[in-house]
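So you know, we letter chains A, B, ... as the sequences are listed, proteins then strands, and number each from 1. Remember, it's a predicted structure, so these values are computed and weren't measured experimentally.
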Amino acid sequence: MQENLVIVESPAKAKTIEKFLGKDFIVKSSFGHIRDLAKKDLGINIGEGYKPVYEIPGDKKKVVDELTKLAKSKTVWLASDEDREGEAIAWHLTEVLGLPVDRTKRIVFHEITKRAILEAIEKPRTVNMDLVNAQQARRILDRLVGFELSPVLWKKVRPALSAGRVQSVAVRLIVEREREIIAFRSAAYFRVVAQFYAAGDPEKTLFKAELSSRFETEAQAETFLQSCIGATFTVAKAEEKPAQRYPAPPFTTSTLQQEAGRKLGMSVSQTMSVAQHLYEQGLITYMRTDSVNLSQQALAQCKEEITKLYGEKYSRWFNYKTKTKGAQEAHEAIRPSYIERQEIEGTPAEKKLYDLIWKRTVASQMVCAELDRTTITIDMSGSSNQFVAQGEVVRFDGFLRLYSESTDDDQAAESGEGLLPKLTAGDRVLPSQITATERFTSAPARYNEASLVKRLEELGIGRPSTYAPTITTIINRGYVVKQNRDGQKRNYAQLTLTGEKIASKTLSENYGKEKNRLSPTDIGMVVNDYLEEQFGPIIDYNFTASVEKEFDRIAEGDITWDKMIDEFYGPFHKMVDSAITTQTAKTREVRILGNDPKTGHIVKARIGRYGPMVEIEGNEGEKGRFASLKKGQLIESITLEEALELFALPRDLGQLDGEELMVGIGKYGPYVRYGKSFASLAKTDDPYTIGYDRAVEIVRAHQAAAAAANTPLKSFPEDADMLVKNGRYGPYIAYKGKNYRLPKGAKPEELTLDDCLKIVAGSKK
DNA sequence: CAGTGAGCGAGCTTCCGCTTGACTT
């Protein structure tokens with residue numbers, strides 16, 4: 001019979017720790033928070049000093065019952081995480097389990113190693129109420145903001161919307177980036193690159209050098225190329241500087257999300273779900289962390305592994321310090337549980353993510369890469385312009401042997417050059433070719449999920465456990481869409497000087513192609529503008545940082561939580577009152593796009609009953625024509641041309657089997673209609689351009705699928721009511737008007753009537 | 001379910017952070 005009960009937050013952690021502690025200890029998990037503010041209403045008694053009303057959510061009752069039972073006969077050790085939230089969990093446990101706060105043992109450790117845990121057991125403390133109060137203040141403030149702002153939006157904009165300290169800033173970032181893009185005007189310029197070789201080099205080995213100035217027009221570029229004819233080129237300066245490159249620190253939640261996005265193309269929530277699997281199998285440490293710290297044990301294992309793989313000179317013992325604003329460091333960095341395990345079994349995604357974590361962790365303990373950076377500056381006769389060649393040579397690879405971090409900046413790759421010839425000042429070089437290429441300044445990039453997380457983290461907004469859910473929320477509320485955009489074609493000019501001849505040609509390229517980028521919707525923009533206007537201080541980028549400072553003061557015991565909340569709530573509630581009594585948000589604002597060239601009537605855009613739309617006004621007393629905007633189009637930025645295109649639907653494609661074939665966009669996306677049946681277009685089909693043949697193909701496939709869906713996978717002569725069908729979520733059982741899912745691993749074709757009846761009976765609770 | 005472009009109005013929606021499964025026809 002165990003004498004001791006240790007309570008941690010995560011069940012996987014409980015299992016590990018139980019092994020370390022021996023049979024006098026039973027280790028259980030609270031599964032995170034066990035109590036929260038009442039779900040209904042505000043859950044805060046404002047008149048009674050903001051007294052919180054706590055309740056145990058339905059799905060936590062079972063855990064709490066079990067813990068309560070176990071706690072009765074044992075010494076309880078509260079081992080929730082060492083941060084504000086963890087301290088609050090410990091306190092809620094004392095309250096709910098009826099334990100004395102001043103005598104219950106509270107222990108903490110930030111690495112899950114036997115030594116760390118045994119040490120923690122040696123020196124228990126008690127619950128730190130100042131820290132708990134800081135958490136209560138955080139919780140109450142978030143509830144006040146969320147539950148007072150959201151109803152204002154229901155009233156002034158549209159029902160079921162939401163606002164909050166974190167999500168509203170996330171939306172704001174995306175809206176402001178979009179406005180930068182809308183306001184951006186691309187400018188063309190000419191960039192000149194020469195291919196030189198050293199005079200007297202029999203091999204004529206070419207190297208590239210770029211002109212330090214750029215030209216605004218093609219004429220200027222051409223004049224410059226003319227001036228190159230017959231000019232002499234002399235090395236003015238050749239510098240070689242040693243440089244070092246450092247490995248990146250081990251992964252936190254945010255950096256893991258970024259790298260998995262860039263290198264593996266995984267979404268933020270995919271990354272978290274795969275990481276969760278790895279964690280549950282004991283393969284990696286906890287995946288929701290803001291710490292870059294590695295345990296002594298992990299450091300030692302890295303050293304051993306690096307020495308084994310590459311030799312001791314590649315190893316460097318280095319522990320990183322977390323710089324992130326508001327980091328709470330309750331855990332280690334995300335690393336393999338056992339560094340010596342270089343590969344794992346699992347799904348392809350699990351293997352790839354594990355490999356990424358393994359490499360990043362081990363590389364963080366490797367020595368710097370040693371580089372030589374060479375810069376050669378070249379003068380030309382008759383001109384003050386200079387060409388500059390830059391080269392980088394890796395003298396010693398160090399950590400690069402294993403891992404190199406990706407960047408968000410696609411253009412960085414363009415500039416990296418290799419080896420340059422050995423040259424000294426005064427050396428002559430000869431141009432083999434000089435080209436002037438038209439380039440264009442580009443608008444700032446839209447955020448993707450990971451770069452948004454990165455930005456939020458920099459601002460200290462949100463926590464590792466909320467990054468993925470925050471993105472889901474702003475998408476679900478319809479504030480933001482994640483989508484791909486096709487690139488557009490554009491032409492650019494290129495002038496090439498070879499010998500004494502300048503050739504000119506026009507080339508074309510694609511630009512602006514985007515994958516999984518976030519952009520605001522019209523509603524997102526309206527809500528953002530409204531919040532900015534009425535609640536500016538709350539969605540200020542520094543709001544979280546400034547309240548965090550207050551929470552820290554509460555944690556230090558300098559101020560009381562209720563006073564802090566009171567000082568916040570007074571002015572905040574005034575803003576709410578004034579917002580409710582003043583004008584509504586600008587949901588009905590109309591933007592005039594121009595005139596329809598066919599009728600001369602005004603074309604305008606606004607938010608209608610069914611979302612954003614464009615309208616061509618009708619004649620006096622007549623209705624106009626309406627069309628919905630496409631996903632990703634905005635009232636603020638749609639052009640007349642784009643608007644007119646939207647009226648091309650529905651399109652008549654001709655006849656099939658004596659029925660009309662029409663293509664349109666309905667509530668459920670693009671469709672082709674034949675007679676009374678509808679078939680959805682594939683994602684890759686464009687309703688504006690789809691042809692007759694492809695439409696027929698879709699109709700035929702739809703007819704075949706409909707026929708297949710009506711044929712059951714399996715039926716039984718003994719019982720006509722029992723059918724195994726194929727549905728959206730795979731095979732299922734249909735029996736007397738109800739559907740039942742198959743147990744995991746069941747093969748539909750092998751099921752007997754008896755099996756099916758058992759499944760039906762078993763699913764009834 | 002498959003084109004629409006007001007205004008009678010019940011009752012509902014909502015926050016952030018901790019943690020995992022359960023479950024969708």
Side-chain angles (χ1 to χ4, degrees), chain A residues 8-14 29-37 39-44 57 59-60 63 80-81 83-90 92 135 138-155 158-168 273 276-277 279-280 286-288 328 330 461-467 469-470 473 477 544 588 606-615 623-628 649-650 662 664-673 676-680 709 725-734 738-741 763:
Chain A
V8 297
E9 291 182 39
S10 149
K13 207 178 189 178
S29 146
S30 72
F31 292 81
H33 276 293
I34 54 153
R35 279 205 311 192
D36 191 15
L37 294 176
K39 245 174 84 162
K40 276 207 149 214
D41 308 321
L42 191 58
I44 300 161
D59 58 341
K60 286 290 162 62
V63 182
S80 44
D81 296 345
D83 59 17
R84 201 163 62 202
E85 298 296 326
E87 204 66 18
I89 289 172
H92 281 297
Q135 192 275 346
R138 197 281 304 155
R139 181 68 191 92
I140 289 167
L141 180 127
D142 281 336
R143 174 56 74 87
L144 287 172
V145 170
F147 275 37
E148 294 214 358
L149 286 193
S150 301
V152 176
L153 296 178
W154 305 343
K155 220 174 151 186
R158 173 194 282 187
L161 294 176
S162 66
R165 175 177 58 81
V166 173
Q167 59 168 284
S168 296
S273 141
Q276 174 94 30
H277 278 131
Y279 169 67
E280 282 167 7
Y286 197 56
M287 63 282 155
R288 290 188 273 261
Q328 302 195 8
I461 298 171
R463 304 279 312 128
S465 65
T466 60
Y467 295 138
T470 299
T473 299
R477 296 277 173 277
T544 291
R588 308 298 306 253
R606 67 176 170 93
I607 296 180
R609 186 165 154 193
Y610 304 104
M613 60 163 196
V614 283
E615 177 185 0
K623 272 192 187 176
R625 293 175 63 206
F626 299 92
S628 294
L649 294 182
M662 299 287 287
I665 296 181
K667 209 168 15 172
Y668 304 94
Y671 63 86
V672 50
R673 178 169 67 85
K676 283 190 184 123
S677 309
F678 290 82
S680 290
K725 291 186 176 174
N726 209 0
R728 228 193 327 163
Y729 303 97
Y732 66 99
I733 290 174
K738 277 194 160 181
N739 296 328
Y740 305 87
R741 52 189 285 123
S763 82

In 5'-to-3' order, the base (B), backbone-only (S) or no-contact (-) status of each nucleotide in nucleotides 8-14 of chain B, using a 4.0 angstrom heavy-atom cut-off, is -----BB

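Look at CD on A:Gln135: it is 15 Å from P on B:dC16, rounded to the nearest Å. Atom CZ in A:Arg463 sits about 14 Å away from atom C1' in B:dT19, given to the nearest Å. Rounded to whole angstrom, the span from the NZ atom of A:Lys60 across to the P atom of B:dA22 amounts to 14 Å. Rounded to whole Å, the distance from CZ on A:Phe31 to C1' on B:dG17 is 17 Å. One can place CG of A:Leu153 at 12 Å from C1' of B:dC15, the figure rounded to the nearest angstrom. In this structure, CD1 of A:Ile89 is placed 13 Å from C1' of B:dC16, rounded to the nearest angstrom.
The listed nucleotides are B:dG5, B:dA2, B:dC18; the one nearest the side chain of A:Tyr671 is B:dA2. Relative to the side chain of A:Glu85, the nucleotides B:dG5, B:dC16, B:dC18 differ in distance, and B:dC18 lies closest. Minimum atom distance to the side chain of A:Ser465 is reached by B:dC18, of the listed B:dC18, B:dC16, B:dT20.
The structure places OG of A:Ser628 at 8.5 Å from CE of A:Met613, a figure rounded to the nearest 0.5 Å.
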For DNA chain B, the dot-bracket notation using Watson-Crick and G-U wobble pairs below 3.5 Å, [ ] for pseudoknot-type crossings and | for other-strand pairs, is .........................

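Not a single donor-acceptor contact under 3.5 angstrom links the side-chain atoms of A:Arg143 to the base of B:dC16.
With sequence neighbours excluded, no residue forms a side chain to side chain donor-acceptor pair (under 3.5 Å) with A:Tyr467. Here A:Glu85 pairs with A:His33, A:Gln135, A:Arg138 under the side chain to side chain donor-acceptor pair (under 3.5 Å) rule; sequence neighbours left out. Taking the salt bridge (charged side-chain N to carboxylate O under 4.0 Å, His left out) definition, one finds that A:Arg35 meets it with A:Glu95, sequence neighbours left out. Partners of A:Pro57 under the side-chain contact (heavy atoms from CB on, under 4.5 Å) rule, at least two apart in sequence or in another chain, are A:Asp59, A:Lys60.
By the 4.0 Å N-to-carboxylate-O rule, A:Lys13 lies close enough to A:Asp81 to be salt-bridged with it.
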